[in-house]
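Here the structure comes first, spelled out in C-alpha cells, and everything after it is commentary.
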Amino acid sequence: MHRLVLVRHGQSEWNLENRFTGWTDVSLTPEGAAEAGRGAMLLQEQGFAFDICYTSLLKRAIETLWIIQREMDLMWLPTRKSWRLNERHYGALQGLNKAETARKYGDDQVFTWRRSYDVPPPALDADDPRHPSRDPRYADVPVSVLPSSESLALTVDRVLPLWHDQMAPDVMASRRVLVVAHGNSLRALVKYLDGLSSEEIMGLNIPTGIPLVYELDDALVPVRHYYLGDPEAAARAAQAVANQAKG
Ligand SMILES: O=C(O)[C@H](O)COP(=O)(O)O
C-alpha cells in the first residue's frame, strides 16, 4: 500500500476577494496561513511523514508548503517546484470577481468556464503584460507550451507528464510524497487517479488547506481517499468553493 497526500494551498488574497486567480501570483491571507498550520497539525497528529515534496511556481502554494514543513520540522525535505502544478490558467478572466462575472455573463456561462472539461476561458492576448511568456520564472519553458488560457483538459495534459515522470516513480518506490498545489491542478490529477469522466469531474471541488490522502495499491490504483479531520467540515468547504460564483 502506498500513500500520497494532496493539499490545496490555503486561502489566498484573491480567494478572499473572490477573484479568478489562475497564474496570478498572489499571497496567502492570514486565514490561509492558519489553514496551512491546521493542515500541518492534522498531518502531525495522525503520524504522517514525508520523503519528498512537490509544489508549483506560485507563492500561495509554496507558502502553504513552507508552513506545513515548518510546523512538521521538515523544512530540510527535498522539494520539486514545477509550473506543471500551477493552477489552471484562467486567461482574460484572471482578476475579475467571480460573482460579478456571473451577474454579467450568467451563472451557466461562468459554470462552463469554471467546471467544464474542454471549454477554456477567454484567452489572454499574446502582448498582454500578464502573459506567462513575459515572466522570468517560465524562461525554461518553451513559449509554444505556455498557456494564454486553459481548459481542465489542457491542465490535465500538462500535469500528467510530471505525475508519470517524477511523482508516480517516487510513490512506486515507496517514497512518502506530499503535493501542495491548486484547486484545478489537483482536480486534474484526481480525475486521472480516480478515472473520473469529464462529466464526473465537473462536480468535484477541492477545499483549501485540508490534507487529502490517497491510498494506492502496487499498481498505483487508488484503494480509497479521504480528507483528514472532520469529513463534514471538508464537504462544507468544498461546497463553498462550488458556490463562489453564484451571481
Ligand atoms: O484560480 C482560481 O480562481 C482559484 O484558485 C480556482 O478557481 P475555481 O475554483 O473557480 O476554478
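Read the numbers this way: they start at 1 and go in the same order the structure lists the ligands and their atoms.
Under the side-chain contact (heavy atoms from CB on, under 4.5 Å) criterion, Ala181 pairs with Leu85, Val179, Ser185, Leu186, sequence neighbours left out. Residues passing the side chain to side chain donor-acceptor pair (under 3.5 Å) test with Ser148, sequence neighbours excluded: His131.
Applying the ring pair (Phe, Tyr, Trp, His ring centres under 6.0 Å) definition to pairs two or more places apart or across chains, those involving residues 10-41 are Phe20-Tyr90, Trp23-His89, Trp23-Tyr138.
Residues with a heavy atom under 4.0 Å from ligand 1: Arg8, Asn15, Arg19, Phe20, Thr21, Gly22, Glu87, Tyr90, Lys98, Arg114, Arg115, Asn184, Val241.
Looking at Arg38 and Glu31, a side-chain N of the basic residue comes within less than 4.0 Å of a carboxylate O on the acidic one, giving a salt bridge. A salt bridge links Arg175 to Asp170: at least one charged side-chain nitrogen sits closer than 4.0 Å to a carboxylate oxygen. Ion pairing between a basic and an acidic side chain is recognised when a charged N comes within 4.0 Å of a carboxylate O; Glu150 and Arg158 show such pairing.
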